[in-house]
Structures are given as structure tokens and as C-alpha cells.
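The block underneath contains the structure these notes are about, expressed in C-alpha cells.
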Amino acid sequence: MTSGLENVSYEFITSTQQLIDITPNLENSPTVSVDTEGNNLDPYQAKLLLLQLATPEKSFVIDCTKVDLGPIKPVLEAEKPLKILQNAKFDYSLLKVQRGITLGSIYDTMIAERLITCGLSREISLKTIAEKYLGLKLEKVTRESFTDPKNPALRGKFSKEQLDYAARDAYILLEIFKKQLKQLKEQDLIDVAKLEFKVVSVVAEMELKGSLIDIQKWRTHIKELEEKRNEISREIQKELRPLANFTQVDLFGNESDTVNLDSPLQLLEAFKKLGVELPNTSEATLQKCDHPLAKILLEYRGYEKMITAFGETILEKINPITGRLHPDFLQLGADTGRFACNNPNLQQIPADSGFRSCFVASPGYKLITADYSQVELRIMAEVSEDPVFLEAFRTDQDLHTLTASQMFRIPIDKVDKNKRFQAKSINFGLMYGRGPASLAVQIGVSVDEARELLDVYFKTYRSVKRWLDNIGRSAVKNGYVRTLGGRKRAFTLPDKDHVDYLKLIGGIERQGKNTPIQGTSADITKYALVFIYEEFKKRSLDAYLIHTVHDEIVSEAREDIAEEVARIIEGQMIRAGELLLKKCPVKVEVKVSDYWEK
DNA sequence: GGGCCGAGCCAC
DNA sequence: AAACGTGGCTCGGCCC
């Protein structure tokens, strides 16, 4: 079953001359799998220990503590052979930072697996795919042994076990690659796979560059929030003090006459003394509560949340070597194809608070923020071919105002704020498969009125309704949907006799409606990232991608070329949009600034 | 004391 | 309160 894959024969390279001798083996192979071992996950702090290379004919394990990788730099940086890696971003970053070597072309087995499973599974580890494709049960990997500070490998002493595993991890990728490729072809995923593989190195470079944060400004902002929170806290305590007998005793026996506002237990007790019996202190409960204290408490929580979620914790992630933030961009974080981001998640920095403006350009540089204007609604116009929607975008009108005008049968200049808001709520809500009940809550009308509004809306935009109905049905009928970039998302269909059958089907219909829209937006942004990166490289510009938030791309460029770079970014983003949107025009808004602007 | 999960809230 | 899509982070509560 496992056909000798457990024990791969390999050559251990411990001198530069040996490496020179094997270079032809690599140059003449169509594919070479690549793996690295370092002693740290952070490419800036890691020491490169081993580099494993495997061709179908022969495998090599290179002792990077002794060997100069210069002789194989050209073959790694060339388009051919194709480099096959599991989670290539890691190896790319390590090789780039520690040896100045990049990888010219990438096939990533982890990314490929995410495309192949397309939402049905998130099991994409090497362990999982080795078993799936090769029937191979990998023993617990010795990767941890490399990161142990006491590990002799740090001094260039490798155990036979370490070397064997290292060689095997590289070699098996060749076999996995062949089987995955068949799957990618069968599922018609080659185009999107090519895109994703190009995105890998762009994301690696983006992460390596990272974002600069103005620490002083950030701390000042936290302090302002803390002051506001403390002020509210004092106000609350003042209300409570006259009630007395609130003596709390902490772990050290210290007595306090204040209530811990973060303790639900103490809060309930306090409310009780005020004559208010509450079942709990959840947001909903407090919202319904008439007592003025409830309102202020919610305000307190708002500040508290900001401070804990975006306070000092983000500053702790600043890299000690670069002094910048290097978040982890998860290229296929969402099943729709969108990025996710963590450590820290820079995709959820509050948009309208003082936090964003703390992200700044390096001295002598500018930040360029570029975002697609209403890209998801434009995608809906494209896929539905709705004549009214398309016309609105072709003539660059305000879609929400136009929608309101048509729904309520009033002239454009008679559309007030409320009617525009209602139309906007429907326009956006549709993309989420939103129903009358939730719409009613948002725009403050009864459910019947909301249903009425939706009816009118769909009479105006018949093609939109037809498209939404069809795509929802096809998600259930076929078990999957696709984006305009060819990306696929599959669904696990419930059994007909499942107790929640209708509920589950409803969920799949909504996902089926949303995924082509959200996922096409992801396709476009990813093409744009690749185009922009290639353009920067081709022109050798002192400009760098540093961040992306779904329909937005942030770059940093030297001051004197910032305006030129802004035009390049805009052009490449439009080019990416037009690659997938043929009927609906694409619009991009670009800003050049000293900080991250919304 | 660590893992897991839901609630609640941040983004698009 | 409630049939609104995609994520991550923090907290509190629960379990082992």
C-alpha cells in the first residue's frame, strides 16, 4: 500500500561543492519539491537548518548550517522546474529573509487541497493529505525537535531520524502533486489554482514587508478611550455608592466599596439593590431595561471592548527585528475564497475610530489606500444582467438613490435620506439572502411592510430576483456554486428526513446566493494583488503591498513616486476587475496619505 | 490549568 | 427576539 514511501533514499549534502555537483539533477527535472526546516516560525528570527529538495529521480537534504545555497539560487528562482511545497508561504519567507532566495514558480499542495475540498473539509495538513492520496500514515513529525533550543541541529548536528523525516516530507509531495493535479482538472479548478499559486509569493512578500504603526499615537488613543471609560465607570460608581454595603473582598482580603463592572454576579446584585431584578446582564437584557444605569453600562462595555480588543495586545505583536506588524494572511481563510487574517487580525481594525490613522508610512514614504467602489453590487449587476442595475453603474449614478426612486416611484431629487437608507438596506441585504423579518428590524418597519418593500423591489429588478432564485436552487440541486473566476464552493446536503431539513436548505440557498458575489470579489482582489506586484517588480519601483481587506489594497511607496504608483495601482485593479466583469464597469478609489485612510 | 464553545462585537 | 453572507478576538463559563 505504502510502496516504500516511508523510507526515502536521499543524499545528504554537507559541502558547497557537493551542492554544485547535484545542480544538473535539479535543472533537468520538470518538478522539484521543496521543504525547509528552521528553528522558529518567524522568518526574521529563525535560523535556516535544512533545505530538502526532491526530484522524481533523486532526493537531497542540504545542511544549511554548512552549505552556501548560492549555486542553486538560479534554479530555485527560475520558472522551471515547478516548485512543489506544502504551505509554500512559510518556506518562501524563510528562504527570502535568511538567504535572499525567492521561488520562481509555486505549486502549493495545501492551497490545492483547499480548492479541491472547496468548503467540504478544512483538513489540509500534510498528515491528512498524505493519508488521503498515498494511504500513508505519517508518524508524529519531528518538526518540534528543530525548534527546541537545546536541539543539537542548531549546531549542525542532525539525527538520522530528523534527516529521514525531512527527506520524506519533501519526496511525498511529488506523489501528492500528481494525484491532486488530476482532481484539479476533473473539477475544472486549474485557472483558479494558477491564480492562487501566484498569490502565494505575493502574500509572503506582503507579510514580510508588514505595517508600521505609530506606537505613541496608538497609546494616546487607548488612553483617551480609557479616560472616557473611567469617567463612565466613576459615574456608575457614584450612582451605586449611596446604596452602600457593596463591600467586595478581593483575593488578598482587601475591601472595596466599588462594584466590579466586569462581573455579572456583582452587577446583578447591584441592580437588585436598586430594585431591578434582571435574569442576566446580557446586552439584550440591558437594552430592554429602563433603568438609566443599564444604558451607561452598555456605553462602558463599548469602551472596554475597544480597549481590550485593540489596545496594548496589538502592540505586543510588533516584530522585535523589523519594528513592524507582520500579520498572518490566510489566503483561503474563508470558504468563499476570501482572505482571513490573524496575529493580529488587521482586517477588523475599527474603521471610524482613531485606530486606523495610527497605521503610518515610513519616513519618506506614503501610504496608498485603494478600494473597489461597490464591487459586490457591480458583480450582482454582472451576473444577473439586470438592465436597471447595469444602467445605474454605466452612467455612474448613485445606485441606492436610483433604487429608492424606482421603488417608491418618485423623482431622483425627491429621494430623502430614509428612503435611500431603505433601498440601500435591501440592495445589500439581498446579497446575504436576507428576508423580510431581519430587514424590518433594520429599517424600522413592520414585517408586512418590509415584505411589501421587497415585493416592489423585485418587480423593479426582475432579473436580480431571477438570478438569486436560480443560483439558490442550483446550489441545492448541484451541491455547489462557482465564482466568475472559476472558484468552487460545495455544500453538504442534508438528508431529506433530517429534522431541520428546510432550515438547512435555506442556509445553503443563502450561501449559494452570496458565494458567487463574495467569491468573485475575492477573485478580483487576488488578480489585482498579482498584477500590482508584477508591475512593481517589472518597473523596479520602491513600492510595496502591505495590506488587503477584501475589496481594499494598501501599499507603501516612496514619496516622490507615490502619485505615479497610485495610478499604477488604480490601473491594475481596474484591469483585474475587467478580467471578470465584462458588462458592468469597474470603479476604484485611490488615496495617497501619510496614514491608512478610509 | 488548558481546551472548547457560545456570546458579543470588530471588519467587509 | 426573530431566517443576514464571510471571518477573528476576547471573555466567561464549562469540562476534564
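So that the names make sense, note that chain A is the first sequence line, chain B the second, and so on, each numbered from 1.
In terms of position on DNA chain C, the residue among Asn345(A) and Gly435(A) whose nearest nucleotide sits closer to the 5' end is Gly435(A).
For Lys198(A) and Phe531(A), the positive end is not near the middle of the six-membered ring at less than 6.0 Å and at most 45° from its axis.
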- request: Please report the C-alpha distance between Asn427(A) and Thr403(A) in whole Å, then the side-chain angles of each, then the deciding distance to 0.1 Å, and finally whether the side chain to side chain donor-acceptor pair (under 3.5 Å) criterion is met.
  value: CA-CA 8 Å; Asn427(A) 278 334; Thr403(A) 300; 3.2 Å; yes
task: Please lay out, stage by stage, how Glu207(A) and Lys89(A) fare under the test salt bridge (Lys or Arg N to Asp or Glu O under 4.0 Å).
output: CA-CA 9 Å; Glu207(A) 281 185 15; Lys89(A) 187 178 75 175; 2.6 Å; yes
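Among dG7(C), dC12(B), dC4(C), the nucleotide with an atom closest to any side-chain atom of Ala340(A) is dG7(C). Checked against dT10(C), dA2(C), dG7(C), the side chain of Val441(A) finds its nearest nucleotide in dA2(C). Comparing atom distances between the Thr336(A) side chain and each of dT6(C), dC12(B), dC4(C) picks out dT6(C) as nearest. Closest to the side chain of Asn342(A), out of dC12(B), dG8(C), dG5(C), is dG8(C). Side-chain proximity of Met306(A) to the nucleotides dC4(C), dC10(B), dA11(B) is greatest for dC10(B).
Of the side-chain N and O atoms in Gln511(A), one or more sit less than 4.0 angstrom from OP1 or OP2 of dT6(C). Between Arg338(A) and the phosphate of dA11(B), there is no side-chain N or O to OP1/OP2 separation shorter than 4.0 Å.
dC4(C) and dC9(B) are spaced 16 Å apart, taking the C1' atom of each and rounding to whole Å.
Judged by distance alone, with hydrogens and angles left aside, Gln348(A) brings a side-chain donor or acceptor within reach of the base of dG8(C), the pair sitting under 3.5 Å.
Using a 4.0 Å heavy-atom cutoff across all strands shown, Asp328(A) reaches no nucleic acid atom at all.
In this structure, Gln331(A) contributes its side chain and Glu196(A) its backbone to a donor-acceptor pair below 3.5 Å.
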